[in-house]
Each structure stands twice: as C-alpha cells, then as structure tokens.
**Student:** 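The structure that follows is given in the form of structure tokens.
Both ligands and their constituent atoms are indexed starting at 1 by order of listing. We use all heavy atoms of the structure for the numbers below, so side chains are in, but hydrogens, waters and symmetry mates are not. This one's a predicted model, so the numbers in the text were calculated from it and none came from an experiment.
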Amino acid sequence: MNDLDKAMAVMDAAFDPHWREAWTRRQVEDSLALSSGFLILFDEAGRYPDEHSPAAGFVLARKVLDEVELLLIGVLPEKRGHGLGSKLIAEFLQKSARMGATNVFLEVRANNPAEKVYRSAGFVPIGRRKDYYRTEDGTKIDAVTFGKAL
Ligand SMILES: CC(C)(COP(=O)(O)OP(=O)(O)OC[C@H]1O[C@@H](n2cnc3c(N)ncnc32)[C@H](O)[C@@H]1OP(=O)(O)O)[C@@H](O)C(=O)NCCC(=O)NCCS
C-alpha cells in the first residue's frame, strides 16, 4: 500500500457522498504530481504509518508562494473524537511553517461541523463564497474561507 492508497482508503470512508467534498484518486494524484502538493498521513496513534500499516487520517495540502492551502482533511469515522484531526492540523501547521509559509488557509462548506476543529487550531473566518458547493440533490451551500497567520 503506498501513501496514495492509504489516503484514498480514508477518503472513501470519511466523506459522506451527499456533500460531494471528497476527491477522486485521479484528483489527489494530480495534486501530488505538482511539486507544491503534499500529503500528511497518521495512524490512529498519531504517527506516520509504516509501510504495511493503514492510515487513520490524512491531510492533503498545497503550497502557493508563501501560503499553504489545506485542501482536505479526513479521519476514519470510527477513529474520530480522540484528537486525531487536531493532531493532523498541528502537524500541517508545523510543516507549513518549516516550508517557509507565512499564512495558511482553507475553504469549508458553511454547515460543516469540522469548522470547530479549525477554530480550535486558531483559524478565523476571512471570507465567504456564495453557493460554492452543490450537494447531491442540487442544494447550494456557501464556502467559508478560514485563515491563520503563522
Ligand atoms: C473533521 C474531522 C477530520 C475531525 O477529526 P477528529 O479526529 O474527530 O477531530 P478531533 O478529535 O481532533 O476533534 C476536535 C474537536 O472538534 C469536534 N469535532 C470534530 N469533528 C466533529 C464533527 N463531525 N461533529 C461535531 N464535532 C466535531 C470534536 O468534538 C472536538 O472538540 P473538543 O476538542 O471540544 O472535544 C472528521 O470529523 C472528519 O473526517 N470529517 C469528515 C470529513 C470532513 O468533513 N472533513 C472536513 C472538510 S475537508
């Protein structure tokens, strides 16, 4: 199992198709093919999984000039609520700082409870895009942009 396989196993289990937030394998692969894209994987103990172990959570991100965008974060449903999401964000912030970024940002659908995890990590809302997401049944939902200075 390579890192892409491990991330996709979490992706497929973590995202409710209703919201249409999950990325396809091809989309993730393309973003990682660019030098700016990177993946953080954690097992349930919050460590990078060894070659033979699956991941329990991942962050997909990309660096654009002096900013890093958190594209997606996912934790297996049965591993949630134990701080793994927060650990992944902490690692994301540290890695972004090491890469020389001065700011990080992300976009999230307006009604996603994940917002709480972002706020706990120090992200603040900095913008809103109207009707950015469209659910399976066609409902439109705003995107909220969160940012944090490093
Ligand atoms: C968002 C997500 C990664 C959080 O993972 P996690 O491992 O449960 O996060 P943590 O355990 O660190 O939770 C941090 C805090 O947020 C809260 N929280 C996390 N996810 C929540 C949810 N879905 N609903 C309500 N509260 C949630 C936790 O209660 C916790 O609060 P506390 O510190 O006050 O107890 C996980 O819920 C997930 O994979 N969701 C589906 C994918 C998704 O929507 N990703 C975000 C958009 S890209």
**Student:** Flag the pair Lys95 and Glu91 as a salt bridge only when some basic side-chain nitrogen lies within less than 4.0 angstrom of an acidic carboxylate oxygen.
**Tutor:**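 The answer is no: the pair does not qualify as a salt bridge.
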**Student:** Please report the C-alpha distance between Asn112 and Tyr118 in whole Å, then the side-chain angles of each, then the deciding distance to 0.1 Å, and finally whether the side-chain hydrogen bond (donor to acceptor under 3.5 Å, both in side chains) criterion is met.
**Tutor:** CA-CA 11 Å; Asn112 193 330; Tyr118 302 138; over 6 Å; no
**Student:** Going by the side chain to side chain donor-acceptor pair (under 3.5 Å) test, name the single residue among Glu107, Arg129, Arg128 that passes it with Thr145.
**Tutor:**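 Of the listed residues Glu107, Arg129, Arg128, the side chain to side chain donor-acceptor pair (under 3.5 Å) partner of Thr145 is Glu107.
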**Student:** Side-chain contact, heavy-atom cut-off 4.5 Å: Arg20 with Phe15?
**Tutor:**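 They are not in contact (no side-chain heavy atoms under 4.5 Å apart), so the answer is no.
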**Student:** Using a distance-only test with no angle check, is there a side-chain donor-acceptor pair under 3.5 angstrom linking Asp3 and Tyr48?
**Tutor:**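 Distance-only check passes for Asp3 and Tyr48.
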**Student:** As a test of reading the model: which residues have a non-hydrogen atom less than 4.0 Å away from ligand 1?
**Tutor:**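 Only Ala14, Phe15, Leu72, Ile73, Gly74, Val75, Arg80, Gly81, His82, Gly83, Leu84, Gly85, Ser86, Asn112, Pro113, Ala114, Lys116, Val117, Tyr118 have heavy atoms that fall under 4.0 Å of ligand 1, ordered by chain and number.
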**Student:** Without swapping roles, check the side chain of Gln27 against the backbone of Thr24 for a donor-acceptor pair under 3.5 Å.
**Tutor:**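 Present.
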